[in-house]
There are 2 protein chains.
Amino acid sequence: MVQYSNTALDRSFAALSDATRRGIIDELGRGEASITVLADRFGMTLTGMKKHVQVLERAGLVVTRKVGRVRSCALGSRGLAAEAAWIEVHRRLFEDRFDALDEILNEMKQENDDGSGN
Amino acid sequence: MVQYSNTALDRSFAALSDATRRGIIDELGRGEASITVLADRFGMTLTGMKKHVQVLERAGLVVTRKVGRVRSCALGSRGLAAEAAWIEVHRRLFEDRFDALDEILNEMKQENDDGSGN
DNA sequence: TGAATACTGAACCATATAGTTCAGTGTTAT
DNA sequence: ATAACACTGAACTATATGGTTCAGTATTCA
């Protein structure tokens with residue numbers, strides 16, 4: 001029985017599973033933005049937007065600081081390295097599987113081609 | 001107001017946000033496996049495991065077929081290309097932001113260094 | 001001082017996840 | 001034919017998400 005757990009990846013992949021939150025990352029890629037600006041951009045209440053930003057913040061993808069009455073949101077310095085690493089390693093798993101499948105299919109083809117009828 | 005939506009990425013990132021499901025992908029990288037084998041491996045009921053596999057299947061990451069009374073699960077041919085692509089594009093957004101920050105910090109440093117005292 | 005702005009928190013709703021148990025159905029092996 | 005096996009579906013639990021409204025608090029500006 002295997003015991004897995006990586007709350008960091010849990011949180012960041014969960015954060016990325018929502019189109020609005022992926023959009024917020026796009027937006028912040030163009031520069032810092034307040035909750036109000038983001039809420040306007042995505043046609044949502046301030047409270048709704050605040051929750052999305054909190055999810056991104058808990059995932060370490062976004063950082064915020066309060067400047068006067070405005071909360072300024074920016075991309076976090078942690079970046080997407082861990083997520084990219086997981087995806088890359090496992091992308092190869094998928095590819096290897098299909099390489100293996102190709103091999104099997106080629107072997108079957110050879111067995112057919114050599115006319116042994118087996 | 002921006003209108004985003006990409007259910008494919010929604011589903012696959014959501015599927016990847018659970019450690020058990022990421023573990024299932026690891027496991028299937030070593031070869032096909034039945035629901036029973038996976039349930040054993042992760043110390044879970046058959047019903048629980050079936051749900052995880054369904055989430056992965058809806059996300060297109062896993063394919064299953066019923067052979068007799070056994071459901072055989074394997075990695076899907078779609079792979080993780082779309083997810084890798086999103087991550088790569090946005091990884092650069094993060095990096096560019098910090099390049100920009102570096103620039104600003106360098107400019108500030110220069111202004112300090114030139115002794116204008118401004 | 002007072003109004004407007006920007007956010008915050010509590011409370012609520014519907015739906016999804018992550019898991020369980022229990023009661024089946026269909027398949028295989030004796 | 002019968003038992004064992006592998007799965008399936010319904011129903012139930014607790015918690016999280018994605019959104020809302022409403023009632024504040026803190027800041028800024030006139």
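Per chain, numbering begins at 1; letters A, B, ... match sequence-line order. Everything numeric here is computed off the predicted structure, so don't read it as measured data.
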Tell me the interatomic distance from [X], atom [atom1], to [N], atom [atom2], rounded to whole angstroms.
X	N	atom1	atom2	answer
Ile35(B)	dG26(C)	CD1	P	18 Å
Phe42(A)	dG18(D)	CZ	C1'	15 Å
Arg58(B)	dT17(C)	CZ	P	6 Å
Arg11(B)	dT15(C)	CZ	C1'	14 Å
Arg21(B)	dA16(C)	CZ	P	14 Å
Asp40(B)	dC5(D)	CG	P	12 Å
Gln54(A)	dA16(D)	CD	P	14 Å
Asp18(B)	dA16(D)	CG	P	14 Å

Report summary line: DNA chain D nearest-nucleotide lookup for Ala14(A) and Thr45(A): closer to the 5′ end is Ala14(A)

Requested in this report: Under 4.0 Å between any heavy atoms, over every strand shown, what does Gly68(B) touch: base, sugar-phosphate, or nothing? Just pick one.
Outcome: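 Sugar-phosphate contact only - Gly68(B) comes under 4.0 Å of backbone atoms but never of a base.
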
Query raised in the report: Which part of the nucleic acid, if any, lies within contact of Leu46(A), taking any heavy atom under 4.0 Å across all strands shown: a base, the sugar-phosphate backbone alone, or nothing?
Result: base

Does [X] put a side-chain nitrogen or oxygen below 4.0 Å from OP1 or OP2 of [N]?
X	N	result
Arg71(B)	dT8(D)	yes
Lys51(B)	dT20(C)	no
His52(A)	dG19(D)	yes
Lys66(B)	dT27(C)	no
Lys50(B)	dG19(C)	no

Any Lys/Arg nitrogen of [X] or [Y] sitting under 4.0 Å from an Asp/Glu carboxylate oxygen of the other?
X	Y	answer
Glu27(B)	Arg21(B)	no
Glu32(B)	Arg65(B)	yes
Glu83(B)	Arg78(B)	yes
Glu95(A)	Arg92(A)	no

Requested in this report: Give the nucleotide from the list dT27(D), dA18(C), dT20(C) with an atom nearest to the side chain of Arg69(A).
Outcome: dT27(D)

Report summary line: Against the side chain of Met44(A), the closest entry in dT20(D), dA6(C), dT21(C) is dT20(D)

Requested in this report: Please work out which of the three classes, parallel, tilted or perpendicular, describes the rings of Phe13(A) and Trp86(A), given edges at 30° and 60°.
Outcome: perpendicular

Query raised in the report: Is there a donor N/O on one and an acceptor N/O on the other, under 3.5 Å, for the side chain of Thr47(A) and the base of dG9(C)?
Result: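 Side chain to base: pair found, below 3.5 Å.
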
